[in-house]
Amino acid sequence: MKALRTAALFALLAIVGGAAFGQYRPPVRNNTLFRTVFRQAWTMSLPGPVKLIEVGQVLDQKRNSFVMLVGGADVSDYRRRLLVTHWAGGQFVTDEAKEFAGAAIDSLLVGRFRQEATNDSNDSIPAPVAPSGTAHKGKSPKATPPKRKASGSPAQQIVTTEGIYAMKDGHLTRLFTAPPNARLAMLLQNPPDLVVGGQGNLAQAYVMADTQADIFPGSPPKVGDGYVRFGVGTQDFEGAEDLKMALGVRFVQSYWNSRDRWMIGIVRPQNTAASNTFADRLAVLTPRSGKSDLDFWAAKPADFEETWRSDPFPGRILDVRVGDPRNEGKEGLLVLTSENNDRERHLYCFRPAQVIAGQ
């Protein structure tokens, strides 16, 4: 199969990798009547040293799961716990948990990386496709037709640095080894979504087959729905220096749909040894006036400007995702922080609002 060799962030580098962002000095306003700001909806503490977070339909297609990757006791401890939880009116309750050996740079992604099963409602392994004209030879099958569960089969799978996980026979199951150095997912208009591993000229896109991750033989999309979902949070790795957007803003996440188009970054001041605090801020860039209908794949750095910046957080931002972990019918910007000298984890939810430009 033809290898797909691109830059580390694949199509994303076409947006955040250019020096064009360097000419912007926040705050910059759209030349429109309204602009997007974000307001805190809720916050809560999380147990344990959570390292990364995700949101997706892992257990079934009716509700979102909140997924947490819990790290070890310190940087030398590579023990990891993968927790799939649901909101139970006051706390996240664990439905499934897996333990495995992590890595210095961990990854966590949820997506439609494998086609949903149609021949067995108990797992998410895609059914083999019969050649044309061979599906109904001989007598029509009358006994035990394929089972179908309208909404019970999970639609999405979990990718970690260590493996691919999905619900099978009612339990979270490791299917096979993850692609090397998984960093991000390409969420596409039509499934399956792709996982991109590696960086620089060695970056490679993968599609999940029945028993392994195969090299994707195609090319990055140029048009259509979809976007890149980043899976490593604010961890430092080789190539992270290419994640600069505006001056002082490092890319950490993107989100793109018919209404909301966000490039999300963090602003991290230099840490001082005396205070040992970070006071990170969150920054959101949105398309400029006249660029709001662009597909993610066609966007360029000059199409964006910073429209909102948060107040300082009481600690260090570890990860940023977009989703609805409490199944409230409202997606929000989720921020995982480390506070109190790395002894506490907090989750913040911000939701977008439209205000008159200049306010």
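Under the 4.5 Å side-chain heavy-atom criterion for ILVMFWY residues, a single connected hydrophobic cluster contains both Val320 and Phe237. Hydrophobic clustering of Ile, Leu, Val, Met, Phe, Trp and Tyr side chains at less than 4.5 Å, counting indirect connections, unites Leu172 with Leu69. Two different hydrophobic clusters hold Leu318 and Val110 under the rule that ILVMFWY side chains link at heavy-atom gaps under 4.5 Å.
Using a 4.0 Å cut-off between a side-chain N of Lys or Arg and a carboxylate O of Asp or Glu, Glu162 and Lys98 do not qualify as a salt bridge. Salt bridge absent: Asp60 and Lys62 never bring a charged side-chain N and a carboxylate O closer than 4.0 Å. Ion pairing between Asp280 and Arg316 fails under the 4.0 Å rule for side-chain N and carboxylate O. A salt bridge links Asp236 to Arg250: one of the charged nitrogens lies within less than 4.0 Å of a carboxylate oxygen.
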(request) Dump the intermediate steps for side chain to side chain contact (heavy atoms under 4.5 Å, CB included) on Leu82 and Val67, then the final yes or no. (result) CA-CA 7 Å; Leu82 180 66; Val67 184; 3.6 Å; yes
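Judged by distance alone, the side chain of Gln253 and the main-chain N or O of Phe230 form a donor-acceptor pair under 3.5 Å. In this structure, Asp319 contributes its side chain and Leu336 its backbone to no donor-acceptor pair below 3.5 Å. Asp303 places no side-chain N or O within donor-acceptor distance of the main-chain N or O of Pro287, the cut-off being under 3.5 Å.
Side chains of Glu96 and Tyr165: no donor on one and acceptor on the other come within 3.5 Å. Judged by distance alone, the side chains of Arg80 and Tyr78 never bring a donor and an acceptor atom under 3.5 Å apart.
Ring geometry, Tyr348 versus His346: the interplanar angle falls from 30° to 60°, so the pair is classed tilted.
Checked against the 6.0 Å centroid criterion, the rings of Trp256 and Tyr227 do not qualify as a close aromatic pair.
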